[in-house]
Engineer: 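Starting off with a structure, shown below.
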Amino acid sequence: MSRNHNSLLSAIVLAGGKSSRMGKDKALISIGGIPLLQLVCSVAAGCTDHVYVVTPWPERYQDLILPNCQFIRELPFSSSSLHFSTQGPMVGFAQGLSQVQTDWVLLLACDLPRLQVEILTAWTTELNYVEDEAIATLVHHTKGWEPLCGFYRRRCLPQLLEFINQGGRSFQKWLNQQPIHVLSLRTPEMLFNCNTPEDLALVK
Ligand SMILES: Nc1nc2c(ncn2[C@@H]2O[C@H](COP(=O)(O)OP(=O)(O)OP(=O)(O)O)[C@@H](O)[C@H]2O)c(=O)[nH]1
Ligand SMILES: [Mg+2]
């Protein structure tokens, strides 16, 4: 089992949310002098050479230092959503997933300031042992699955698109219909999600 994880794994970082609770684009907020999106992308780049940032507005991030990261410009999903509004993380993920070439994808939100690359890379070494039927390997907590810091098999794309085409936008609802491998996490603070100015004050 000495498969090279780089050929097995890509990463998708989502940076297309409205940041309405924060009041300004979370991806560009600096923590310790480093914009959040840059921080998350550097963690992703520690796990794989193939990092994609899915966003409707790549030009907004062109001055960030994102070595080896490629932008995927998110497009309106259907004629009914042609007005300029974001479509939610699930649609962004589906568009990113349709571009990747590897069996597994690490999906990350851009608002996770406490990610630990050591934990993510340890998880990547477990991917070879995940049961075939599982479409994802994720942490489970009291509120349900943690969809935006975990691994998905590329082959889940058809099921994901079917769910979206039927109007589904909830990761929890989709994941509850699927076989998922549970990841254990001894340091749940790694998943701290920075959504509001109050959250930000806790990290700074
Ligand atoms: N590409 C893409 N990413 C999205 C979209 N909506 C949310 N995200 C990302 O998904 C992650 C989680 O987003 P949330 O924190 O739930 O929401 P948000 O829209 O950014 O912020 P709120 O408006 O405060 O809910 C973040 O990395 C967002 O940038 C979208 O439509 N497209
Ligand atoms: Mg969030």
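Numbering of ligands and ligand atoms starts at 1, following listing order.
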Engineer: What is the OD1(Asn193)-the Mg ion (ligand 2)-OD1(Asn195) angle, to the nearest 10 degrees?
Structural biologist: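 Result: 90°, to 10°.
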
Engineer: For the residue pair Ile12 and Gly96, what are the closest heavy atoms and their distance?
Structural biologist: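 That closest heavy-atom pairing would be CD1-C, 3.4 Å.
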
Engineer: Would you name the heavy atoms of Thr102 and Leu9 that are closest together and state the gap between them?
Structural biologist: OG1-C, 3.6 Å

Engineer: Distance under 4.0 Å to a non-hydrogen atom of Gln87: what atoms of ligand 1 satisfy this?
Structural biologist: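 Contacts of ligand 1 toward Gln87, numbered from 1: 31 (O).
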
Engineer: Is it the case that ligand 1 has an N or O less than 3.5 angstrom from some N or O of Pro56?
Structural biologist: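 No; every N/O pair is 3.5 Å or more apart.
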
Engineer: Salt bridge or not between Arg73 and Glu59? Use side-chain N to carboxylate O under 4.0 Å.
Structural biologist: yes

Engineer: Can you tell which part of Cys110 has a heavy atom less than 4.0 Å from ligand 1: side chain, backbone, both or neither?
Structural biologist: both

Engineer: Can you find an N or O of Arg21 that's nearer than 3.5 Å to an N or O of ligand 1?
Structural biologist: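 There is such a contact, yes.
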
Engineer: Which heavy-atom pair separates Cys194 from Val203 by the least distance, and what is that distance?
Structural biologist: SG-CG2, 4.1 Å

Engineer: Would you say Gly92 and ligand 1 have an N/O pair spaced under 3.5 Å apart?
Structural biologist: no

Engineer: For Glu189, is the CD atom crowded, meaning more than 12 foreign heavy atoms sit under 6.0 Å from it?
Structural biologist: yes

Engineer: Examine distances only and state if a side-chain atom of Gln172 and a backbone atom of Trp145 form a donor-acceptor pair shorter than 3.5 Å.
Structural biologist: yes

Engineer: What's the atom name of the N, O or S in Asp111 nearest to the Mg ion (ligand 2)?
Structural biologist: OD2

Engineer: May I ask you to check whether Met22 has an N/O atom sitting below 3.5 Å from an N/O atom of ligand 1?
Structural biologist: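 No - when backbone and side-chain N and O of Met22 are compared with those of ligand 1, no distance drops under 3.5 Å.
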
Engineer: So is there a nitrogen or oxygen of Gly16 less than 3.5 Å from a nitrogen or oxygen in ligand 1?
Structural biologist: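 Indeed, backbone or side chain, Gly16 has an N or O that close.
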
Engineer: Side chain or backbone, does Asn195 bring an N or O within less than 3.5 Å of an N or O on ligand 1?
Structural biologist: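 N/O-N/O distance below 3.5 Å exists for this pair.
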
Engineer: Thinking salt bridges, do Asp103 and Arg153 make one under a 4.0 Å N-O criterion?
Structural biologist: no

Engineer: State whether a side-chain donor-acceptor pair under 3.5 Å links Glu131 with His181.
Structural biologist: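 Yes, His181 and Glu131 have a side-chain donor paired with an acceptor closer than 3.5 Å.
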
Engineer: Out of all atoms in ligand 1, which are within 4.0 Å of some heavy atom of Ala109? Include the element for each.
Structural biologist: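 Near Ala109, meaning under 4.0 Å from one of its heavy atoms, ligand 1 has 11 (C), 27 (O).
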
Engineer: Could you tell me whether some N/O pair between Leu148 and ligand 1 is separated by less than 3.5 angstrom?
Structural biologist: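 Between Leu148 and ligand 1 (N or O atoms, distance only) the closest approach is not under 3.5 Å.
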
Engineer: Is it the side chain, the backbone, both or neither of Lys18 that has a heavy atom closer than 4.0 Å to ligand 1?
Structural biologist: both

Engineer: Against heavy atoms of Asp111, which atoms of ligand 1 measure under 4.0 Å?
Structural biologist: 15 (O)

Engineer: As an exercise, state the distance from CD1 of Ile72 to CG of Leu97, rounded to the nearest 0.5 Å.
Structural biologist: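 Here the interatomic distance stands at 9.5 Å.
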
Engineer: Near Val54, which atoms of ligand 1 are under 4.0 Å from a heavy atom of that residue?
Structural biologist: 1 (N)

